[in-house]
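Reminder, nothing fancy here: chain letters follow the sequence lines and each chain counts from 1. Note that these values count all heavy atoms, side chains included, but never hydrogens, waters or copies made by symmetry.
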2 protein chains.
Amino acid sequence: MKMSKKQSLKSGFEVQIELSAALVAIEGDSPRIMLLRDQAPAAKGAVGAGLPSGPFDAVNDRTLEEGLRRWVAQQSGIPLGYVEQLYTFGDRFRDPLERRGGPRPVSVGYLALVRQSDLRARDAEVWSDWYRHFPWEDWRTGPPATLDSVLAPALKAWVDSSGERSDRIRRKDRADTTFGWNGATWDNERVLERYELLYEAGLVAEAAADGRFTPDERTQLIFAITGAAMMKDHRRILATVMGRLRGKIKYRPVIFELMPPTFTLFQLQQAIEALAGTLLHKQNFRRLVAHEGLVEPTGQVQTLTGGRPAELFQFRRDVIRERPAPGVRLPVRRGAGRSQL
Amino acid sequence: MKMSKKQSLKSGFEVQIELSAALVAIEGDSPRIMLLRDQAPAAKGAVGAGLPSGPFDAVNDRTLEEGLRRWVAQQSGIPLGYVEQLYTFGDRFRDPLERRGGPRPVSVGYLALVRQSDLRARDAEVWSDWYRHFPWEDWRTGPPATLDSVLAPALKAWVDSSGERSDRIRRKDRADTTFGWNGATWDNERVLERYELLYEAGLVAEAAADGRFTPDERTQLIFAITGAAMMKDHRRILATVMGRLRGKIKYRPVIFELMPPTFTLFQLQQAIEALAGTLLHKQNFRRLVAHEGLVEPTGQVQTLTGGRPAELFQFRRDVIRERPAPGVRLPVRRGAGRSQL
DNA sequence: CCGTTTATGCTAAGTTTGAGCATAATAGGG
DNA sequence: CCCTATTATGCTCAAACTTAGCATAAACGG
């Protein structure tokens, strides 16, 4: 059973692990993600911007996370605080380079939260609103326009394009449940499922880049909505980040990793709304937060908004001790919309 | 920046990925985990039983999960249904073999749920109750005895063993919050945190095996409670599984992956209690499940318990469509205990 | 000083949860 | 065949929590 190094190499047991981090920050009501500009000449096959990333060094890195921090520090200069491992992707052919003889990628995706104050973009970096890459995930101003007008018909075409009847039913069912059509509910955590569906349907630019599709006029139009391609599987990692973060704020106080030391309750609310992609009832949110004892007043006030000055609060560090799952339970506002496919 | 294959090998960028699966099943009120008996001669350095696992084959496996299924099928003959990736571990020296020149391990842990009916143990396999390996996690008959009598004093010794005062405070705080002592609450999901703490404190057999401790009389005693060592980092994966599963049943109907096609409500309750490690209020559980619409009656009854016959139910497949997070919200019973450290 | 804007307080009505009492339907023993 | 133990199921009450608004407070700009 045991193999020499040579043999194992030949049979493909050795791979390179790529560590990627999605750095998330919030500016006002905008959830931001850090992207490194596309620096490789287009001819080389690299497409789009990408997350900070680099290979895991088994000799020098004590842990995977240590390696990740090293790469991020090197590429962005941003010191990381909260870091969480998300998922390990090893699917074949997610990186178009692989078809041209590149190595088989196995990538470990991380989520890192960056406080607004630590935020400084240098030349090679962009902090872009994550809804630019996932416009259908933002429900703060009601059901996203492109959801029904563009994605629904495009997915309907994908459903109908299958030869088998049973397969068409499966596809339709899947589209309905992930996008909340025809009686199903929109679940704001299923970001990855929605992305994967669009990928399979060839409706995101990466799917075209991976060689299965030649982008025609119709898909070009759709790409305009689903956004420009990102490097490798980085948009998939981003989708994972969004879903995970949306789930996590509900039961762990991670939101405070994104807030400045002191903040008004409305700023806190806006930050949560930014991540969740939905709006909250202001008075109830305030009662919830106060009641949960997650924050405490500092006594100071802030007079920036033109209205009555808001009291400044800070996070109570010791809450973690007290209750098992101190998060911000999201009361949802009325008026979820749905459409037909 | 680019390196030839030779260079990258030298600098340690290529590693082997090990895929491991924790197969979970439930028998009555006992949550089971599948272990392969320790088959290597002790002299070789392998210690304890382990999870089914094997290296990822980048040439032949299309995805990581595919490789995992192949290994499990090969080693146990059990066909896997529900499979979920948990975490990727890459810490140095978690496997004692590594110190003796073995390869740097990077392992991707998976959770797989097996239906009782698919359960069949062959010679090399054991389905063991997971609380045998984590006795302090079972609160169904009240606070675990060994928690206060054995773990508390042992952890107190670990706290006091630090030379620095600030470090002692940090250690005490960490012990309190993860084990729910001194006013903190027991969180049944923090299985991994508790295991990691015991590992760091040298209180689990794996920590001794990794060479940092020579087990003396005292630790021998503790190992009797914390359980025999498992191979590599497999008990850590198991801890991750327990925590993840305890969290997941609350918001996704994964429990049904473990149940037979039809079941009584009390069987369902016992299954959930088995995973959660806590007891539920029977009448309220029934109301909850009925109200959530997760199950539907089959019309049949079961007369096995000696009391009134129980109606048999089945899972309603279509619930996933309807609501965003159909899980079994766990009402907790009174009487959480705590102790002093 | 007045209208506008944002922050904050408060309450009525509806829903969910925690706990326990009461009843129903079986088995087994006398 | 009746009585008791045992498990299943139905129901209710009070407490806690949510939802949705109304109402008031405290700033700003004319």
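- Side-chain contact annotation: A/Glu296 with A/Gln314, donor-acceptor N/O pair under 3.5 Å present.
- Helical stems in DNA chain D, defined as runs of 3 or more consecutive Watson-Crick or G-U wobble pairs with both donor-acceptor distances under 3.5 Å, are listed by first residue as C:1-30 with D:1-30.
- Atom CD of A/Gln302 and atom P of D/dC28 are 13 Å apart (whole Å).
- Both A/Val301 and A/His291 lie near DNA chain D, and the one whose nearest nucleotide falls closer to the 5' end is A/His291.
- Atoms OH and OG1, from B/Tyr195 and B/Thr226 in turn, are 9.0 Å apart once rounded to the nearest 0.5 Å.
- Salt-bridge annotation for B/Glu193 and B/Arg174: absent, with no side-chain N of the basic residue lying under 4.0 Å from a carboxylate O of the acidic one.
- When the C1' atom of D/dT7 is taken as reference, atom CD of B/Gln269 falls 12 Å away, rounded to whole Å.
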Report, as a single string ordered 5' to 3', how protein heavy atoms within less than 4.0 Å touch nucleotides 3-13 of chain C: B base, S sugar-phosphate only, - not at all.
--BBBBBBB--
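- Of the N and O atoms on the side chains of B/Glu311 and B/Gln302, not one donor lies less than 3.5 Å from an acceptor on the other residue.
- Rounded to an integer number of Å, the gap from CG of B/Leu280 to P of C/dT16 is 19 Å.
- Ion pairing between B/Arg190 and B/Asp187 holds under the 4.0 Å rule for side-chain N and carboxylate O.
- Side-chain atoms of B/Ile225 and B/Pro135, non-hydrogen and from C-beta on, do get closer than 4.5 Å to each other.
- In summary, the side chains of B/Tyr82 and B/Glu84 do present a donor paired with an acceptor at a separation below 3.5 Å, with no hydrogens or angles considered.
- The shortest distance between side-chain heavy atoms of A/Phe313 and A/Thr298 does not fall below 4.5 Å.
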